[in-house]
Every structure is written in C-alpha cells, then in structure tokens.
Amino acid sequence: MEISLSVSRSTPKRHFEEFTIPLQKGMTVLDALIYAKENLDHSIAMRYSCRMAVCGSCGMKVNGRPMLACYTQISELKSNRIKVEPLDNCAIIRDLVTDFAEFFSHHKSVHPYLIRNDVKEQDNPVKEFLQKPEEVEKYLQYSYCIKCGLCYSACPTVAADKEFPGPQALAQAYRYIADSRDEGIQKRIDVIDTAHGIARCHFAGTCSSVCPKGIDPAQGIQLLRRYTLSLKR
Amino acid sequence: MSSSAKRTPPPPVYKARRASLLRSWLWPARSNLGRWAYTMQRVSGVGVSLYFLAHIIETGNVVGGLSMWSVPAYDIAKNNWNNTVDFLKNPLFDLGLVIIGFLLTFHTFNGLRLFFSEFGYGIGKPARPDYPYKPKSQNTLQDLIIWLSAILAALAAVYALNVLFG
Ligand code: SF4
Ligand code: FES
C-alpha cells in the first residue's frame with residue numbers, strides 16, 4: 001500500500017510538494033518523512049533527534065493538528081493522504097523547521113528552576129528536601145514537559161499577542177509555584193501577572209488537547225490564576 | 001516590577017508568523033470544543049459591545065441626544081421618538097436583535113463557566129498522567145456547559161424571533 005505525503009516547502013515560495021511513500025507496518029509520520037528525504041528529495045528540511053517522543057524536536061502540523069511526527073503512526077491518522085506543515089505561531093526557518101527563540105525566551109522568563117531564600121543551603125544542602133507523595137502529585141505532570149512547543153503553536157492567544165507567555169511557560173510557572181520546596185513564588189508572579197500575562201488566557205484548552213505528554217497546561221494556568229485572584233494555592 | 005523580573009527581550013516578529021495569524025487565532029477547525037467556545041466568546045463579546053454602543057446612541061436619540069441635558073421641549077422629544085421608531089422599523093434590525101439575543105445568552109452562560117474555571121472549579125485536580133492522556137480540564141462537565149450555553153442561546157434566538165412578526 002502507498003500513501004501520499006504532502007510536505008510544505010518554504011523555498012522559493014511556500015508551496016506543497018507531493019511524495020508517494022510505500023507504507024510499512026508501524027510507520028510513523030517521521031519515518032515517512034525520512035523515507036522521502038533519503039530516497040526522493042534530499043533537500044527537505046525537518047528537525048528530529050530521539051524518534052521516541054522525548055526530545056521534543058519533531059513537532060509539526062499533521063493534517064492540520066500540531067503533533068509529534070515520531071509519535072504519530074500513519075495508521076492512526078485513518079487516511080492515506082497526509083499533509084505536514086510547520087507549526088503555527090512560530091517563524092519558519094525552512095520547510096518544517098520553525099524558530100523557537102521566542103518560545104524558549106518565554107520559558108526562561110518564568111524562572112523555571114527551584115528558588116530558595118537560603119541560597120547557601122540550596123547549593124550545599126546539609127540534608128534532603130523532603131516531600132510527601134501528595135505534594136509531588138501537585139506538580140508531577142507539569143515536570144514531564146519536553147518543550148516541544150505544540151501547545152504554544154496551538155494557543156489562539158499566542159497567535160494574537162506575542163508577549164503572552166503561552167501555555168508552556170505558564171504551566172512551568174505553575175509547576176514550580178506548586179512545588180512545596182520552592183520559595184520563588186513572588187518572582188514568577190511578577191513576570192506572569194502583567195498586562196500581557198496570565199489574564200489573557202481564555203481557557204480554550206487547545207494546549208491540553210494537543211500535548212503529547214499528557215500535561216494539562218490549561219488546568220495549571222487556571223490554578224495559577226486562582227492564586228493570582230485569591231491567593232489560594 | 002522588580003528588576004529580576006525582566007525577561008529576555010523577544011526576538012523580532014517574522015513575516016511568516018503574521019501570515020497565519022487570523023487563522024490560528026480565530027479559526028477553530030480540527031480543534032477541541034473549548035476552542036470553539038473561545039472563538040464564540042470573542043466574537044459574541046465584540047458583537048455585544050457594538051450592540052451596546054448602538055443601543056446607547058439609539059436610546060440617547062429618543063430622549064433628544066445631547067440636547068437632553070437642557071430638557072428638550074415635548075415636541076422635539078416626540079418627533080425624535082417617532083423618527084427613531086421609523087428608522088428601526090426594518091427587518092434587518094429585527095434580525096440583528098435575534099442574533100444579539102443568541103450572542104448575549106451564549107456569552108453569559110459560557111462566561112459563567114469561564115468565571116468558575118478561573119477560580120479552579122470544575123477543572124479537575126493535577127495528578128500523574130496516564131496513557132491515553134485525557135486532559136482533566138477538558139472534561140464532560142465543561143463540554144456539557146458549552147453545549148448548554150449554545151442550546152440556551154438558540155432558544156433565546158427563537159424567542160427573539162417574535163420581533164420579526166410583532
Ligand atoms: S506542555 Fe506539552 S505540548 Fe506544551 S511544550 Fe510541554 S510537552 Fe509540549
Ligand atoms: S524526534 Fe524527538 S520527539 Fe520526535
């Protein structure tokens with residue numbers, strides 16, 4: 001059986017190029033792209049590394065939805081016409097490769113690491129930081145983020161406001177604020193509770209519905225907002 | 001804002017980003033239900049705001065516009081009233097009212113859903129994600145309220161159809 005893979009190309013001007021790929025059992029969208037690059041056109045540009053949904057490099061739009069190419073089997077798309085495009089809300093560098101500079105700068109802005117008032121103790125701790133399992137549950141899922149940018153590209157508010165931190169950064173802010181070992185809450189609130197900050201989220205929930213790691217950024221953002229509105233953690 | 005809160009300046013915005021802006025902002029195709037509600041909430045918000053503006057101008061006209069501050073003579077007021085009523089006797093305005101009835105009702109009920117969600121109600125508790133990952137914030141209750149808002153809005157529009165025949 002064969003499938004037709006239509007790839008978005010950026011040069012000389014944006015257009016789609018069709019490739020016919022022999023289908024194999026268990027083939028992923030990334031495998032199909034690699035087949036096309038190896039055998040049909042060496043100039044296709046795409047980004048990938050781990051091929052197992054861990055590195056977060058292969059995010060792209062597959063048949064109109066942001067997905068990880070390596071984590072999407074062709075059989076689950078239930079169609080033998082597949083269209084791959086670069087992610088929305090990011091500038092295109094070439095073909096399927098998008099610029100993540102903006103995305104990462106938002107991630108960095110929320111201080112995504114544990115902050116302790118006692119820096120000396122943090123660097124040279126004399127004992128462990130203890131946590132109960134229930135305390136871990138509060139942030140665990142958010143710590144699984146692989147920074148693939150799917151949620152960022154799916155967010156309608158990011159499309160309309162480039163200064164909005166986006167679901168990934170806000171969910172990371174929540175991840176550290178909800179961590180019982182962290183003491184940097186005010187530092188992060190200062191960054192996210194601004195005119196272009198958390199209040200711009202209108203709970204479309206697309207971020208959560210596209211996340212390949214089962215993270216629920218929309219939930220984290222609402223919980224964070226509850227904190228900014230009522231100081232209830 | 002303390003100086004430590006300064007973020008690295010975002011890189012320049014490229015042309016490519018702008019090209020797909022309207023689609024990725026307002027076009028919910030192939031997305032979850034909440035995204036449809038998002039678009040509806042934005043569109044109805046703008047629609048209702050414009051309606052309020054027009055409504056204030058119209059009502060202001062009836063009582064004599066800006067001259068109302070100097071208490072209009074009875075004749076002027078009566079004249080204005082009749083003119084406005086004549087002007088609004090138009091099936092297009094009636095149809096507009098039906099649409100506004102729909103938008104207003106949807107905006108109200110969906111807005112209540114958002115209000116409660118923002119205070120953390122009805123969005124589930126964070127837990128370890130298990131395959132097949134189903135986000136807890138996109139749950140049946142949320143979907144139900146969105147559908148309910150749409151049904152109530154449709155009922156309001158049906159009720160408002162009266163103006164077309166009244
Ligand atoms: S929250 Fe999910 S979709 Fe967003 S960057 Fe992290 S892993 Fe990717
Ligand atoms: S190649 Fe690493 S996530 Fe797909």
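Below, chains carry the letters A, B, ... as their sequence lines are ordered, and counting in each starts from 1.
- Counting heavy-atom pairs closer than 4.5 Å to chain A, the top-ranked of the candidates Pro129(B), Pro132(B), Pro28(B) is Pro129(B).
- Taking 4.5 Å as the heavy-atom cut-off, the residues of residues 32-45 of chain B that approach chain A are Asn32(B), Gly34(B), Arg35(B), Tyr38(B), Arg42(B), ordered by number.
- Atom CG in Asp88(A) sits 5.0 Å away from atom CZ in Arg23(B) (nearest 0.5 Å).
- Here Asp161(A) contributes atom CG and Trp25(B) contributes atom CH2; the two are 10.5 Å apart, rounded to the nearest 0.5 Å.
- In this structure, the portion of Tyr142(A) lying under 4.5 Å from any heavy atom of chain B is its side chain and not its backbone.
- The number of heavy-atom neighbours closer than 6.0 Å to CZ of Phe115(B), taken from other residues, nucleotides and ligands shown, is 12 or below.
- Side-chain contact between Pro126(B) and Leu223(A): present, with at least one pair of heavy atoms (C-beta onward) separated by less than 4.5 Å.
- For Asp130(B), the side-chain hydrogen bond (donor to acceptor under 3.5 Å, both in side chains) partners at least two apart in sequence or on another chain are Arg128(B).
- Neither the backbone nor the side chain of Thr228(A) comes within contact range of chain B, judged by heavy atoms closer than 4.5 Å.
- Contacts between residues 134-143 of chain B and chain A, counted as heavy-atom pairs separated by less than 4.5 Å, involve Pro135(B), Lys136(B), Ser137(B), Gln138(B), Gln142(B).
- The local environment of CZ in Phe87(B) is sparse, with at most 12 non-hydrogen atoms from other residues, nucleotides or ligands closer than 6.0 Å.
- Among Arg225(A), Arg188(A), Gln186(A), Glu137(A), the residue making the largest number of heavy-atom pairs under 4.5 Å with chain B is Arg225(A).
- Using a 4.5 Å cut-off on side-chain heavy atoms (C-beta onward), Pro156(A) and Trp27(B) make no contact.
- Only the backbone of Pro212(A) comes within contact range of chain B, judged by heavy atoms closer than 4.5 Å.
- The most heavy-atom pairs under 4.5 Å with chain B, out of Val136(A), Asn63(A), Ile215(A), Ile189(A), come from Asn63(A).
- Residues of residues 116-124 of chain B lying within less than 4.5 angstrom of chain A, judged on heavy atoms, are Ser117(B), Glu118(B), Phe119(B), Gly120(B), Ile123(B), Gly124(B) in numerical order.
- With a 4.5 Å cut-off on non-hydrogen atoms, Tyr139(A) does not touch chain B at all.
- Enclosure of atom CZ in Arg81(A) is not indicated, since only 12 or fewer non-hydrogen atoms of other residues, nucleotides or ligands lie within 6.0 angstrom.
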